[in-house]
Amino acid sequence: MNNRLYGNLIFELSKEGRRGYSLPKNKFGQYEIPQQLRRQEDAKLPECDELTVVRHYTNLSQNNFGVDNGFYPLGSCTMKYNPKINEEMAALPQFQNLHPLQPERTTEGAKEAILMLEELLCKLTGLAHFTFKPFAGAHGELTGLMVIDNYHRSCGDEKRRKVVVPDSAHGTNPASAAVCGLEILEVKSTAEGLVDLVDLERLVQLEGENIAAMMMTNPNTLGLFEQQIPQIAKLIHDCGGLMYYDGANLNPMLGVCRPGDMGFDVMHINLHKTFSTPHGGGGPGSGPVGVREGLQQFFPNVSPYQGNFAVMMRALAYIVTLGRNQVKEVGPLATLNANYIKESLKDVYELPIDGLCCHEFVFDGLKDKSTGVTTMDIAKRLLDYGYHAPTIYFPLLFHESLMIEPTENESKETLDGFIDVMRRIAEEAKNDPDLVKSAPHHTPIGRVDDVLAAKHPIVTYKQMINDNN
């Protein structure tokens with residue numbers, strides 16, 4: 001699109017004296033602003049007419065990609081479609097206009113809704129109590145580890161300062177443990193991508209009396225169901241530790257099995273991921289923490305208020321709308337969709353661990369390595385075809401990781417379209433690798449220098465003086 005409004009900053013569209021608004025007549029009189037609060041010079045704000053502003057921001061919005069635009073196979077983040085009924089419920093004035101400092105007697109309806117959500121999450125997870133104060137998944141992890149730490153301290157067992165974390169874990173696991181003042185014990189994965197029980201037994205023998213907990217994601221980061229959880233839980237419980245469930249991959253478990261029944265004592269839920277608030281751009285999030293009976297007394301006071309209430313209401317609407325029977329279909333459909341894509345592409349993309357996956361799986365780049373086309377190249381080429389890229393270069397177990405997660409609500413036609421494009425890119429890599437290596441070709445800008453943008457970001461606009469303007 002060759003349109004000056006499309007590629008320019010709003011400051012660059014500014015013309016001195018242009019106005020896009022008119023203010024009503026002042027009915028409140030004149031009041032002096034204290035001198036110490038006044039600017040020494042006028043703020044350098046853009047001056048544009050209304051139509052220019054509308055076109056500028058509308059064009060910018062059309063550059064965004066989200067689940068309302070197209071397929072978003074971003075593994076490990078569960079970019080699930082958010083049904084609009086959830087938005088309508090969360091936007092009800094009685095919810096949307098709540099203020100955290102208004103009188104408690106006026107918030108009884110909101111508190112009842114939170115209690116209803118807690119009851120439903122307890123039924124879905126097999127745990128007894130939840131706190132909704134954490135504002136994100138990582139905040140929930142930290143809160144859950146604080147519960148575990150408080151529990152051990154209450155028992156006078158203050159030497160338990162170590163947390164077992166699989167080498168395939170999300171990076172937030174060791175980070176949250178470190179922030180909580182705990183140390184990390186890494187347990188290895190087997191060639192099949194599961195927790196190595198022999199290595200775990202070795203760690204327990206060496207460090208058993210110092211182990212506070214083991215953190216696990218199930219299905220794990222490779223999308224594989226950990227089949228030895230009963231044995232793992234027994235090892236940790238027998239040495240005096242607790243089991244922590246990272247709920248990042250709870251989506252395929254809905255209606256199939258419950259963490260509480262497997263022996264987990266504490267868990268957090270990425271409420272936004274599993275219960276339909278897409279969270280691109282860093283938010284919004286919610287990380288409620290659930291515990292088995294007896295541990296609720298150790299909930300830390302991480303916030304004076306409840307967490308992200310709008311996310312809670314979207315989750316409540318999602319669960320209630322599905323109902324008892326339909327919520328049982330979420331996990332199996334997510335698993336079906338992921339396996340359909342995996343089986344359709346494994347002849348042209350490297351599948352390091354074969355077999356049944358759950359909601360997501362990981363390719364290790366193209367099967368034909370001779371093309372020189374990398375996972376980054378594939379991700380960039382997908383943009384030309386109108387698809388958001390999957391998660392790339394994570395997990396770190398493989399050099400060219402390409403993690404794909406379709407979620408349960410994508411149609412077969414959508415999956416077939418994505419499969420067709422992925423196969424087309426594999427063919428392009430073989431016949432015209434430079435085409436893929438130089439992608440994207442049809443986006444507003446070409447391939448950016450990701451490292452430069454991270455190390456030297458330009459986050460403010462420096463107004464240039466142009467005498468000819």
Side-chain angles (χ1 to χ4, degrees), residues 67-68 71-73 77-92 95 109 112-130 132 217-219 223-227 229 245-264 267-279 286 288 290 292-293 310-342 356-361 405-415:
V67 290
D68 286 353
F71 186 39
Y72 210 126
C77 285
T78 317
M79 293 301 291
K80 182 187 290 192
Y81 172 67
N82 181 21
K84 297 302 171 269
I85 184 65
N86 302 356
E87 288 294 333
E88 292 177 20
M89 295 301 100
L92 287 172
F95 290 151
E112 185 175 344
I114 294 174
L115 287 173
M116 183 186 302
L117 179 59
E118 179 183 17
E119 181 181 355
L120 292 171
L121 292 182
C122 287
K123 289 179 178 178
L124 287 169
T125 63
L127 294 170
H129 302 275
F130 273 86
F132 291 89
T217 305
N218 192 45
L224 304 175
F225 189 90
E226 294 281 357
Q227 300 176 8
I229 286 181
Y245 185 98
D246 179 338
N249 291 346
L250 184 62
N251 200 58
M253 309 287 277
L254 291 182
V256 179
C257 49
R258 309 189 304 173
D261 298 336
M262 301 177 195
F264 287 95
M267 76 171 293
H268 85 271
I269 297 176
N270 288 16
L271 202 65
H272 47 286
K273 291 172 62 171
T274 309
F275 299 102
S276 83
T277 300
H279 64 299
S286 177
R292 63 169 169 77
E293 188 64 50
V311 175
M312 297 181 215
M313 292 306 98
R314 292 185 187 99
L316 178 59
Y318 177 80
I319 298 170
V320 171
T321 302
L322 283 178
R324 180 188 297 271
N325 292 326
Q326 281 70 37
V327 80
K328 294 178 181 178
E329 297 181 17
V330 171
L333 285 175
T335 298
L336 176 64
N337 283 352
N339 279 278
Y340 178 65
I341 294 178
K342 172 176 65 69
L356 187 69
C357 68
C358 290
H359 66 306
E360 65 187 5
F361 61 93
E405 177 180 0
T407 74
E408 74 283 351
N409 39 13
E410 297 292 351
S411 69
K412 182 176 182 296
E413 290 76 18
T414 297
L415 302 184

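Only heavy atoms go into these numbers, but all of them, side chains included; no hydrogens, no water, no symmetry mates.
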Item to check | Nearest-0.5 Å distance, OG1 of residue Thr217 to CG of residue Leu250 | outcome: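 Answer rounded to 0.5 Å: 11.0 Å.
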Item to check | Pairwise distance CD(Glu88) to CZ(Arg314) - rounded to 0.5 angstrom | outcome: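 Result: 12.0 Å between the selected atoms.
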Next on the checklist: Any non-hydrogen side-chain atom of Phe225 less than 4.5 Å from a side-chain atom of Met253?
Outcome noted: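 Yes, their side chains come closer than 4.5 Å.
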Checklist entry - Is any side-chain heavy atom of Thr407 closer than 4.5 Å to a side-chain heavy atom of Met79? => result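 Side chain of Thr407 against side chain of Met79, heavy atoms only: no contact under 4.5 Å found.
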Next on the checklist: Does atom CD (Gln227) have a neighbourhood of more than 12 heavy atoms from anything else shown, all under 6.0 Å?
Outcome noted: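 12 or below, so no.
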Please name the pair of heavy atoms, one in [X] and one in [Y], separated by the smallest distance, quoted to 0.1 Å.
| X | Y | answer |
| --- | --- | --- |
| Ile341 | Pro406 | CD1-CB, 3.9 Å |
| Tyr81 | Val67 | CA-CG2, 4.2 Å |
| Cys357 | Asn339 | O-ND2, 2.8 Å |
| Glu408 | Leu333 | CB-CB, 3.7 Å |
| Ala338 | His359 | CB-O, 3.4 Å |
| Ala113 | Leu316 | O-CD2, 3.8 Å |

Main-chain N/O of [Y] paired to [X] side chain as donor or acceptor, under 3.5 Å:
| X | Y | value |
| --- | --- | --- |
| Tyr245 | Asn218 | yes |
| Lys273 | Ala248 | yes |
| Thr335 | Gly331 | yes |
| His268 | Pro288 | no |

Item to check | Verdict with supporting geometry, Met312 and Ile114, side-chain contact (heavy atoms from CB on, under 4.5 Å) | outcome: CA-CA 7 Å; Met312 297 181 215; Ile114 294 174; 4.0 Å; yes
Checklist entry - Does the distance from a Lys or Arg side-chain N to an Asp or Glu carboxylate O, for Lys123 and Glu119, drop under 4.0 Å? => result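 Yes, this pair counts.
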Checklist entry - Side-chain donor-acceptor pair under 3.5 Å between Asn251 and Thr274, yes or no? => result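 On atom types as modelled, these side chains do not qualify, holding no pair under 3.5 Å.
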Item to check | Thr78, Asn249, Asn337 screened by side chain to side chain donor-acceptor pair (under 3.5 Å) with Glu405, the one that passes | outcome: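 Between Glu405 and the candidates, side chain to side chain donor-acceptor pair (under 3.5 Å) is satisfied uniquely by Thr78.
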